[in-house]
Amino acid sequence: MLNRMKVVIVGGVAGGATAAARIRRLNEQAEIVVFERSGYISYANCGLPYYIGGVIEDPEALTLQTPESFFTRFRIHMKVHHEVTALHPDRKTVCVQNLETGEVFEESYDKLLLSPGAKPTLPRLSGVDLEQVFTLRTVEDTFRIKEYITRNHPRSAILAGGGFISLELAENLRRLGMEVTIVQRPRQLMNPFDADMAALIHNEARRHGIRLALGHTVEGLERAEAGIRVLLKEEAPLYADMVILAIGVTPDTHLAKDAGLKLGIKGSIAVNERMETSVPDIYAVGDAVQVRHIVTRQDAVISLAGPANKQGRIAADNICGRDSRYPGSQGSSVIKVFDLTAAATGINETAAARAGIHADSVILSPMSHAGYYPGGQMMTMKVVFEKETFRLLGAQIIGYEGVDKRIDVLAAAIHCGISAVELKELDLAYAPPYSSAKDPVNMAGFMIENISDGILKQFHAGDVENLPQDGSVTLLDVRTPEEYSTGHIRGFINIPVDALRDRLTEIPHGKPVYVTCQSGLRSYIACRILVGNGYDCFNLSGGYGFYSSVIYDRCMAAATAPCGMELKQTPADTKN
């Protein structure tokens, strides 16, 4: 006979609502009560910026389930505008306040699931309570921002922070015709990406009129005559009609802390693989919990909807007597940045170094599908692997079409533990409108195999400034003269790859040769020619197209001129 247990869930949205529905599917007799302090128990959190920008027009489209629909289908009591104010594990109750009536009462439980999520990180700044200052977490926050824009018609906005919410808001506020500035302390947007890949995101944002004030610290907010004054450390203040704080999120764990539950990093709730906390019969899921990172095997806090949903299902299984385990998170994510799609999975080189992992990477610029089929578009891929073992660590992809497909293949490869070299063996679907016979994921595997076999030696964009200019090495650009004339790295001489064999006498023996082309393909061919003729050759990973984007971003950030390359135009699409 099914257990007639009573389950209380604190928080809805992703983890809590998923767990509630799963518990009901496994146990028809259980009594299930969900307390949610907002007015919405299941909503599309990731869609909130798009409602502000008018891409999503119907506010009801944001609501995936209502308390009424949940009860009708699942017989689950969804109590919105009810805030749990305390946990009492000793007597297995929670203290609840009805935010509409003020009533306070205790609710008993047999099993308790915490899904409080995360709250916007609010720095200790003056002025955060001004009426023109907002955060975005709930549907109610979204409506407040939307209503303010509709009523006041602001012409400018400053977004503090450079993560997912900030970038999505930037795009949607620009769609409304507003001037948008993103300001934050780190010198790059989007931490899942390495700085070189983030440069592509920066350039796209600037191309659409977003002003980037990176490397600046916000010290306070003040009311100005016409809006808000944002005070910056050791810099002139910025002015706007409204400010949205999107600095990040912090696990909302005060209930767990006050109840004596064991906490983890960043104040998160410590749980085991079964999503059990340190107190019997209390489980926790979602943005508030500490998880194990699949790649580093270190503790992490990863605030994404996908992991929260999976954790909710696993906790529900265990509450209902099954034995489900959460293997960990790897942080797979994707975001629309105006016309670009940017996606990442696993760890980047920066995170690898922080974790003590000796990493390397390959950068390639394949087409989204067969080049002879019309409409193909370039993407830039960076695949990160462990140097000694060639263990696949992570990937970052930025482009227009087919980005999400490739990042999901790479995410699955990381999860299954295949090596970076084994990417070449994946049997992936091919037809000219969708891919190439050598899919970009396969191409990354071929390149990494060449490195493992000693066929390819490479250098990276960050190494260029340290290349000697004293003649002790040969710097070679093997693009066409026309390409070379539009921009090249200072000190690199031009010999087109197709003329290289006939002009080998111009390249001195006994000196290392550093070679570039537009994307890295022709320079790889040139390296094979040179190695076959007794030269020691290094290929620029990503080629001049990638390098020029990185340097262009650096120059724009510093508001200076060419920065080590003779550039006659802004970075163009990479060609092989």
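Just so you know, these numbers use all the heavy atoms, side chains as well, and skip hydrogens, waters and symmetry mates.
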Looking at every non-hydrogen atom in both residues, tell me the closest pair between [X] and [Y] and how far apart they are.
X      : Y      : answer
Ser361 : Lys382 : OG-CE, 3.4 Å
Ala157 : Leu173 : CB-CD1, 3.9 Å
Pro468 : Leu475 : O-CD1, 4.1 Å
Asn442 : Ala437 : OD1-O, 4.5 Å
Gly445 : Leu423 : CA-CB, 3.8 Å
Phe193 : Ile398 : CE2-CG1, 4.1 Å

From [atom1] ([X]) to [atom2] ([Y]), nearest 0.5 Å:
X      : Y      : atom1 : atom2 : result
Thr150 : Leu176 : OG1   : CG    : 8.5 Å
Ile495 : Tyr484 : CD1   : OH    : 10.5 Å
Leu231 : Leu238 : CG    : CG    : 9.5 Å
Ile165 : Ile335 : CD1   : CD1   : 8.5 Å

Do NZ/NE/NH1/NH2 and the carboxylate oxygens of [X] and [Y] come within less than 4.0 Å?
X      : Y      : result
Arg522 : Asp498 : no
Arg174 : Glu179 : no
Arg490 : Glu465 : no
Lys336 : Glu168 : no

For residues [X] and [Y], is any side-chain donor paired with an opposing acceptor at under 3.5 Å?
X      : Y      : value
His460 : Asp360 : yes
Thr121 : Thr250 : yes
His369 : Glu401 : yes
Asp463 : Tyr514 : no
Thr516 : Asp477 : no
Glu482 : Ser485 : no
Ser365 : Ser519 : no

Val383/Met447 under side-chain contact (heavy atoms from CB on, under 4.5 Å): CA gap, chis, key distance, verdict: CA-CA 10 Å; Val383 179; Met447 294 171 67; over 6 Å; no

Enumerate, atom names and distances included, each donor-acceptor pair closer than 3.5 Å involving a side-chain atom of residues 406-413, sequence neighbours excluded.
{"residue": "Arg406", "atom": "NE", "partner": "Asp439", "partner atom": "OD1", "Å": "3.3"}
{"residue": "Arg406", "atom": "NH1", "partner": "Ser368", "partner atom": "O", "Å": "3.4"}
{"residue": "Arg406", "atom": "NH1", "partner": "Gly402", "partner atom": "O", "Å": "3.4"}
{"residue": "Arg406", "atom": "NH2", "partner": "Ser368", "partner atom": "O", "Å": "3.2"}
{"residue": "Arg406", "atom": "NH2", "partner": "Ser435", "partner atom": "OG", "Å": "3.2"}
{"residue": "Arg406", "atom": "NH2", "partner": "Asp439", "partner atom": "OD1", "Å": "3.0"}

If only atom types and distance count, is the side chain of [X] paired as donor or acceptor with the main-chain N or O of [Y] below 3.5 Å?
X      : Y      : result
Ser329 : Gly331 : no
Asn539 : Gly520 : yes
Glu171 : Phe338 : yes
Asp241 : Gly227 : no
Arg391 : Val295 : yes
Asp194 : Met197 : no
Gln188 : Ala195 : yes
Ser549 : Gly545 : yes
Gln518 : Tyr544 : no
Glu483 : Thr480 : yes

Are there over 12 heavy-atom neighbours, none belonging to [X], within less than 6.0 Å of that residue's [atom1]?
X      : atom1 : answer
Tyr148 : OH    : yes
Lys438 : NZ    : no
Glu57  : CD    : no
Phe143 : CZ    : yes
Arg206 : CZ    : yes
Arg229 : CZ    : yes

side-chain contact (heavy atoms from CB on, under 4.5 Å) partner of Asp299, the single match among His293, Gln290, Lys266: Gln290

Close side-chain approach of [X] to [Y], heavy-atom, < 4.5 Å:
X      : Y      : value
Leu476 : Ile493 : yes
Glu234 : His216 : no
Val180 : Ser156 : no
Thr135 : Ile244 : no
Ile294 : His415 : yes
Asp141 : Phe134 : no
Lys424 : Val441 : no
Ile52  : Leu136 : yes

Pair Leu122-Leu245, side-chain contact (heavy atoms from CB on, under 4.5 Å): steps then yes or no: CA-CA 8 Å; Leu122 283 177; Leu245 301 176; 3.6 Å; yes

Verdict with supporting geometry, Asp252 and Arg137, side-chain contact (heavy atoms from CB on, under 4.5 Å): CA-CA 12 Å; Asp252 191 355; Arg137 180 196 184 199; 4.2 Å; yes

Listed partners of Glu204 passing salt bridge (Lys or Arg N to Asp or Glu O under 4.0 Å), at least two apart: Arg207

Derivation and outcome, side-chain contact (heavy atoms from CB on, under 4.5 Å), residues Val515 and Leu540: CA-CA 6 Å; Val515 188; Leu540 177 58; over 6 Å; no

Test log, rule ring pair (Phe, Tyr, Trp, His ring centres under 6.0 Å), inputs His488 and Phe492: CA-CA 7 Å; His488 56 270; Phe492 278 66; 8.8 Å; no

Verdict with reasoning, Asp58 to Tyr51, per side-chain hydrogen bond (donor to acceptor under 3.5 Å, both in side chains): CA-CA 8 Å; Asp58 183 2; Tyr51 174 70; over 6 Å; no

